[in-house]
A.B. asks: 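First, the structure itself, so that you have it in front of you.
By convention in this document, chain letters (A, B, ...) are assigned in the order of the sequence lines, proteins followed by strands, and residues within each chain are numbered from 1.
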Protein chains: 2
Amino acid sequence: METAPPATEPDEAPVRRSRGRPRKTANERDDGNRRQALLRAAARLFRQQGFDATSTRDIAAAVGMRSGSPFYHFENKEALLAAVMEEGMQRALDHQRARMDAAVAAAPGPLSARDCLRVLVRSHFDNLLGPESDHIPVMLYEWRVLSDGQKRAVNRLKDDYEAVWVPVLQALQRDGALGGDLRIARLMLFGALNWAAQWYVPDGRASLDDLTETTLQLFLKESRA
Amino acid sequence: METAPPATEPDEAPVRRSRGRPRKTANERDDGNRRQALLRAAARLFRQQGFDATSTRDIAAAVGMRSGSPFYHFENKEALLAAVMEEGMQRALDHQRARMDAAVAAAPGPLSARDCLRVLVRSHFDNLLGPESDHIPVMLYEWRVLSDGQKRAVNRLKDDYEAVWVPVLQALQRDGALGGDLRIARLMLFGALNWAAQWYVPDGRASLDDLTETTLQLFLKESRA
DNA sequence: CCTACCGATCGGTAGG
DNA sequence: CCTACCGATCGGTAGG
């Protein structure tokens with residue numbers, strides 16, 4: 001069953017007339033707004049209480065809807081969770097790319113592997129711990145709820161995300177700056193970073209920049225070169 | 001309401017007579033068996049499916065009980081979870097101490113900080129990934145379910161567990177073998193280790209010894225000395 | 001520890 | 001997107 005577009009204009013539509021060209025597809029725009037609101041509320045509640053402990057009624061109430069209405073936007077509760085994760089991963093990927101591009105553009109010469117890692121770690125902390133960043137923790141801690149097909153969809157994005165890291169870690173290992181088996185080193189690095197979702201408090205003693213510096217000091221040795 | 005001891009002997013009691021001194025408190029012994037069976041089944045199911053997704057009926061069925069019977073042994077579902085975590089933490093602590101004592105006894109001279117860390121990491125992997133080791137992953141991933149009082153009880157054990165690590169990490173940092181802020185380094189180290197509960201498969205390519213070696217190679221630099 | 005049961009909650013739907 | 005509703009499941013209990 002697909003979600004059909006609403007057949008009628010809501011009668012609480014804004015009274016103010018649109019100037020200039022007509023608002024295209026007021027319904028669609030509203031639809032997008034409500035859908036986005038649901039995703040944001042779901043991400044926050046899923047993170048705070050867990051997927052199972054959050055009822056679709058909780059989510060509906062958080063955005064001022066009645067209990068049945070979320071199912072107008074999402075086929076079921078699982079699909080809502082999958083959408084939270086996919087959007088989170090897509091945004092994380094976009095953010096990572098933007099940060100890398102900006103760093104490359106800002107640097108006078110080519111970036112060292114060390115500099116690349118700094119950018120990747122810093123943007124990872126943004127994605128994990130920054131404002132409005134519940135999506136990724138939800139992905140990390142509610143993974144098992146997804147169906148196999150949903151996992152595959154999110155995994156495609158995760159692969160893209162990790163693909164940026166691999167050559168950087170390889171280069172660091174070649175330089176002797178990173179020890180251990182590469183695959184396990186990567187998993188442990190992500191573990192160290194992702195674990196911060198469990199203990200980091202934004203107003204605490206350390207900023208995300210501080211975390212980033214500590215990460216580099218902890219994981220990198222002096223290069224051979 | 002407290003769980004009262006059963007007023008009657010179960011009539012499926014073993015027919016064989018006890019020789020020697022009478023089995024003291026046959027009920028108690030049986031009680032312990034059933035309680036232990038519930039804890040094991042609960043740990044396994046909580047880990048596989050999550051706390052909320054596991055019904056007390058699932059747990060009862062797993063040990064051959066009817067739906068209401070777990071509540072003879074545990075006041076409620078939360079208390080069962082708390083017991084799983086407390087037992088897991090207590091056993092982990094015992095295992096850690098035994099491993100350390102054995103290493104000290106086996107060594108010809110005093111243990112280096114590096115050797116201590118190796119023992120601690122290795123025993124941590126046992127606790128996290130070894131056979132019959134669902135309790136600790138459950139503790140890591142269902143923490144938020146506990147009440148404040150339950151958290152406090154488990155935290156006392158966690159503090160004891162971590163207390164063994166702190167001087168070792170301090171010594172390594174003094175030697176220049178460990179970089180970064182000490183508190184954050186500790187959290188990141190535990191993150192790297194604990195994350196393995198998400199990806200490690202026992203029959204896979206790496207043994208727990210392999211994981212331990214990679215951990216040391218990844219986190220430790222050459223000592224200054 | 002079982003039998004029999006209850007009240008509450010929940011995901012989801014029909015129909016507008 | 002709301003109203004009204006349903007079937008299923010669940011944690012937990014009384015009484016033996």
A.B. asks: Run the side-chain hydrogen bond (donor to acceptor under 3.5 Å, both in side chains) test against A:Gln49 and tell me which residues pass, sequence neighbours left out.
C.D. replies: A:Thr54
A.B. asks: Who pairs with B:Arg57 by salt bridge (charged side-chain N to carboxylate O under 4.0 Å, His left out), at least two apart in sequence or on another chain?
C.D. replies: none
A.B. asks: Going by the rule side-chain hydrogen bond (donor to acceptor under 3.5 Å, both in side chains), which residues pair with B:Gln90 if we only count those two or more places apart in sequence or in a different chain?
C.D. replies: B:Asp94
A.B. asks: Holding to salt bridge (charged side-chain N to carboxylate O under 4.0 Å, His left out), I want the full list of residues that pass it with B:Arg156, two or more places apart in sequence or in another chain.
C.D. replies: none
A.B. asks: Consider the side chain of A:Arg66, meaning its heavy atoms from C-beta on, and name the nucleotide among D:dT3, C:dC1, C:dG12 that approaches it most closely.
C.D. replies: D:dT3
A.B. asks: Let me know the distance between CZ of B:Phe74 and C1' of D:dG11, rounded to the nearest Å.
C.D. replies: 16 Å
A.B. asks: Counting side-chain heavy atoms from CB outward, which of C:dC2, D:dC1, C:dT13 is closest to A:Phe71?
C.D. replies: C:dT13
A.B. asks: Listing request: all ring-ring contact (aromatic ring centres under 6.0 Å, His included) pairs with a residue in residues 35-65 of chain A, at least two apart in sequence or in separate chains.
C.D. replies: A:Phe46-A:Phe51
A.B. asks: Which ones in residues 37-51 of chain B lie close to DNA chain D, meaning a heavy atom under 4.0 Å from one of its atoms?
C.D. replies: none
A.B. asks: Any stems for DNA chain D, made of 3 or more Watson-Crick or G-U pairs in a row, each with both distances under 3.5 Å?
C.D. replies: C:1-16 with D:1-16
A.B. asks: Distance check needed: C:dC10 C1' versus A:Asn76 CG, whole Å only.
C.D. replies: 14 Å
A.B. asks: According to the salt bridge (charged side-chain N to carboxylate O under 4.0 Å, His left out) rule, which pairs have a member within residues 205-215 of chain B, sequence neighbours left out?
C.D. replies: B:Arg118-B:Glu213, B:Arg122-B:Asp209
A.B. asks: Restricting to non-hydrogen atoms, name the atom on B:Val138 and the atom on B:Ala43 that form the minimum distance, rounded to 0.1 Å.
C.D. replies: CG2-O, 3.5 Å
A.B. asks: Please state how far atom NE2 in B:His73 lies from atom P in D:dT13, giving the value in whole angstrom units.
C.D. replies: 15 Å
A.B. asks: How would you list all residue pairs meeting salt bridge (charged side-chain N to carboxylate O under 4.0 Å, His left out) that involve residues 39-51 of chain B, not counting sequence neighbours?
C.D. replies: B:Arg47-B:Asp134
A.B. asks: Rounded to the nearest Å, what distance is computed from the CG atom of residue A:Leu80 to the C1' atom of nucleotide C:dG11?
C.D. replies: 12 Å
A.B. asks: Could you state the CD-C1' distance from B:Glu75 to D:dG12, rounded to the nearest angstrom?
C.D. replies: 11 Å
A.B. asks: Which residue pairs pass the side-chain hydrogen bond (donor to acceptor under 3.5 Å, both in side chains) test with at least one member in residues 191-201 of chain B, sequence neighbours excluded?
C.D. replies: B:His124-B:Asn194, B:Tyr141-B:Gln198
A.B. asks: In whole angstroms, how far is the C1' atom of C:dC10 from the CD1 atom of A:Ile59?
C.D. replies: 12 Å
A.B. asks: Among C:dG12, D:dG11, D:dC2, which nucleotide has an atom closest to any side-chain atom of A:Ser69?
C.D. replies: D:dC2
A.B. asks: Please give, in whole Å, the distance from D:dC10 P to B:Asp52 CG?
C.D. replies: 11 Å
A.B. asks: Considering only NZ, NE, NH1 and NH2 on the basic side and carboxylate oxygens on the acidic side, decide whether B:Arg91 and B:Glu87 come within less than 4.0 Å.
C.D. replies: yes
A.B. asks: Looking across every strand, which nucleic acid part, if any, lies under 4.0 Å from B:Ser55 by heavy atom: base, sugar-phosphate, or nothing?
C.D. replies: sugar-phosphate
A.B. asks: Show the distances under 3.5 angstrom between N or O atoms of the protein and N or O atoms of nucleotides 4-8 of chain C.
C.D. replies:
none

A.B. asks: My understanding is that only residues two or more places apart in sequence, or in another chain, count here; which of them pass side-chain hydrogen bond (donor to acceptor under 3.5 Å, both in side chains) with B:Asp58?
C.D. replies: B:Ser55
